[in-house]
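Notes follow once the structure below has been shown.
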Amino acid sequence: MGLALLVGPLIVLLLQLALKEGQKAAWIAGAGIWTSDLMYVLLAHFGTDQLVVAIDWPGFEPLVGIVGGIILVGVGLALYFRRSGTHLVHVDDYQEGQRTSPFSAFWQGFAINTFNPFPIVFWSTVALTLVHDEGLSGGQAFSLYAGILLTIVLSDSAKIWSAKWLRQKLNSGWLDRVGQIGGALLVVFGVALIVRVWV
């Protein structure tokens, strides 16, 4: 629940896309996030020893932090300068002609989650301390991973649905302001991530 409710760049991305591009764009980005989490679950569970070696490598955190920070800054700037049209205010479908393609929306969610150090540390900790150290069986480990992933999917879905309600209450001008705020937050998250690995 703590992971699901954590306020960070992923929440900003989902709300941004849901508000300005429509729900389908946010669902596609969510699928990218969940695919990234599933990838980390598999890597952490079946490659525990290799994962420990990678995390212990001195250049691991700087590399992930810098790449993740650059991605956050790039996505944030794109969202900051993107403008919604009045025709988008009450549209829920992911329509042709909107600037974010399905591939781009998926990639944004996947890349931000993949190159964010927190999911790596989180899933590694789950695999090492809750699964490996506790000696959970395959079925028990599957239940634990599935429960955590389901909580994340449900919480992300709630955020997307709440954005649908908010979207219907905002006009195009307010959507642009919200977009600028969200884009600026992503840039701040990205810069903070880059600075943190050097401090």
Side-chain angles (χ1 to χ4, degrees), residues 3-4 6-44 63-120 122-123 145 148-150 152-164 166-167 170 172 175-176 178-191 193-194:
L3 178 66
L6 182 68
V7 177
L10 294 173
I11 292 180
V12 175
L13 175 68
L14 289 178
L15 292 178
Q16 280 286 91
L17 290 175
L19 283 171
K20 301 195 70 178
E21 305 285 346
Q23 276 193 295
K24 286 190 177 180
W27 288 119
I28 294 171
I33 294 171
W34 306 327
T35 301
S36 173
D37 277 324
L38 180 59
M39 177 188 71
Y40 277 134
V41 167
L42 296 175
L43 288 175
L63 176 63
V64 173
I66 292 172
V67 173
I70 291 173
I71 291 174
L72 283 174
V73 171
V75 173
L77 290 175
L79 291 173
Y80 182 88
F81 289 108
R82 182 176 301 154
R83 292 292 179 268
S84 63
T86 54
H87 64 288
L88 297 181
V89 177
H90 297 292
V91 175
D92 293 325
D93 292 331
Y94 194 77
Q95 296 181 342
E96 185 179 359
Q98 293 180 339
R99 296 186 180 181
T100 302
S101 67
F103 175 79
S104 177
F106 182 90
W107 168 249
Q108 287 177 29
F110 182 85
I112 289 178
N113 193 74
T114 299
F115 292 101
N116 183 350
F118 183 78
I120 301 173
F122 174 81
W123 288 115
Y145 292 134
I148 296 174
L149 285 171
L150 180 60
I152 293 173
V153 170
L154 290 177
S155 67
D156 288 345
S157 300
K159 297 161 195 169
I160 295 172
W161 280 107
S162 66
K164 175 185 179 181
L166 183 60
R167 178 185 174 88
L170 299 176
S172 181
L175 284 176
D176 287 338
V178 171
Q180 289 180 327
I181 293 172
L185 285 174
L186 287 178
V187 172
V188 170
F189 282 128
V191 172
L193 188 58
I194 294 173

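Computed from a prediction, not measured in an experiment: that's the story for all the values here.
Of all heavy-atom pairs spanning L17 and A25, the tightest one is CD1-O, 4.0 Å. The nearest pair of heavy atoms linking I194 to G69 is CG1-CA, 3.7 Å. The shortest heavy-atom contact between P102 and I28 is O-CG2, 3.2 Å.
In this structure a side-chain-to-backbone donor-acceptor pair under 3.5 Å is present from S157 to V153.
Interatomic distance, CG of L154 versus NZ of K159, reported as 11.0 Å (0.5 Å rounding). Between atom CZ of residue F110 and atom CZ of residue F115 there is a gap of 7.5 Å, rounded to the nearest 0.5 Å. Atom CZ of F122 sits about 4.5 Å away from atom CD1 of I148, to the nearest 0.5 Å. Taking CD1 of I33 as the start and CD1 of I112 as the end, the distance is 7.5 Å to the nearest 0.5 Å. Taken from CH2 in W107 to OG in S101, the straight-line distance is 12.5 Å, to the nearest 0.5 Å. Atom CG of L14 sits about 10.5 Å away from atom CD of Q108, to the nearest 0.5 Å.
With contacts defined as side-chain heavy-atom distances shorter than 4.5 Å, the pair T114/Y40 qualifies.
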Using side chain to side chain contact (heavy atoms under 4.5 Å, CB included), reason through W123 and L149 one step at a time and then give a plain yes or no. CA-CA 11 Å; W123 288 115; L149 285 171; 3.8 Å; yes
Yes or no on side chain to side chain contact (heavy atoms under 4.5 Å, CB included) for I152 and W34, after CA distance, side-chain angles and deciding distance? CA-CA 8 Å; I152 293 173; W34 306 327; 4.3 Å; yes
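Across D37, L38, V41, a single residue satisfies side chain to side chain contact (heavy atoms under 4.5 Å, CB included) together with Y145, and that is V41.
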